[in-house]
Amino acid sequence: MTDLSALKQKFRMRDRVVHAMAAEGTVRAAVVVSTTCAQHAQQRHRLEPVGAVLLARALSAASMMASFLKGEERIIVEAKGDGFIRTVYAEALQIGEVRGFVEYASAADGCSSALGTGILQVRKILYNKAEPIVGIVELRAGNITTDLAHYFWQSEQIPTGVRLDVTLDDHQRIECAAGILVQALPGARREQLRYIYDFLQNIGTLCELVKAGYTAEEIARQTLPGDAEIFSSTPMDFFCRCSKERFKEMLLSIGEQELLEMRACGQNELVCQYCGERYYLDDSDFEELLSQLRAPKN
Ligand SMILES: [Zn+2]
């Protein structure tokens, strides 16, 4: 492969979320290829396969829903259950940042199903709203896909086709993650809905299409009836805005005594819950924090 074709291939394989609309504006779709984000999430949080797959689906879902928003508007998709997985949390910004995590029950609980019974909560943080818009439904299947389709029908009353496909390799690592969201908007015609239904029935798995080299944009054009207009095509990264400086600012609020204890016990590792990034405080960090705490307040 020449350098240029390798570069083109790399560009085509980059994680991407596409927002598209059918020509008449009555059907919209989002398509995501989120393999690298899902792989980073699994590695960062050191997830076993069940948690990695659920988080991959939630990250795909959040990023597709965020593609319908603007700029720094955000979507949080969070499933909470009583199974051996307690929480699956995914957060996405329209500009292509996603992050998320999985929380497990303590081993002693001995639950067998993954999420068990619980809820799916969707939060939208929008520019023109002071408070997040929150929708909550009960978990239907605990697989995120069915639960999300149920959420759209129950909470937003929008007929929505949802596909969230994830495959694992022989070592139980994420091999591919992709998703489609198709929504019938007011005025959608029966034959448009029929087309989408048939398409989703016959498409096979999304990961097969991705492996065959189809991009998110190509899949979006195939999904929608008639000529599709691509509204946005956004590269995506597993990305968190945490930093050591932000953690240090938070540590200022715990007080001098606790900080001295942390230092004495050698507790110098800070782990970001959202992205799994690890930060380490050295002596100079402790000194800096302590001197800030001891400085006279104005
Ligand atoms: Zn983080």
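Each residue takes its place number in the sequence, starting with 1. For ligands, and for the atoms within them, numbers begin at 1 and follow the listed sequence. Side chains included, hydrogens not; waters and symmetry mates left out as well; all remaining heavy atoms used.
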- Item | Over all atoms of both residues, closest heavy-atom pair of Ile174 and Leu168 |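 Minimum heavy-atom contact is N-CD2, 3.8 Å.
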- Measure across Ala90 and Leu59 and return the closest heavy-atom pair with its distance rounded to 0.1 Å.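 The answer is CB-N, 3.7 Å.
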- Task: Could you check if a side-chain atom of Cys242 sits within less than 4.5 angstrom of a side-chain atom of Tyr279, using non-hydrogen atoms only?
- Result: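 Yes, their side chains come closer than 4.5 Å.
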- Is the side chain of Ser34 donor-acceptor paired with the backbone N or O of Cys37 at a distance under 3.5 Å, no angle test?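 Flag not set: sc Ser34 to bb Cys37 has no pair under 3.5 Å.
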- Task: Compute both the distance and the angle, then confirm whether Arg28 meets the cation-pi test with Phe68: under 6.0 Å from the six-membered ring centre, within 45 degrees of the axis.
- Result: yes
- Query: Which one of Leu164, Thr223, Val17, Leu148 satisfies the side chain to side chain contact (heavy atoms under 4.5 Å, CB included) criterion with Leu181?
  - Reply: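 Answer to the side chain to side chain contact (heavy atoms under 4.5 Å, CB included) test with Leu181 among Leu164, Thr223, Val17, Leu148: Leu148.
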- Going by chain and residue number, what protein N/O/S atoms come nearer than 2.8 Å to the Zn ion (ligand 1)? Cys240 SG, Cys242 SG, Cys272 SG, Cys275 SG
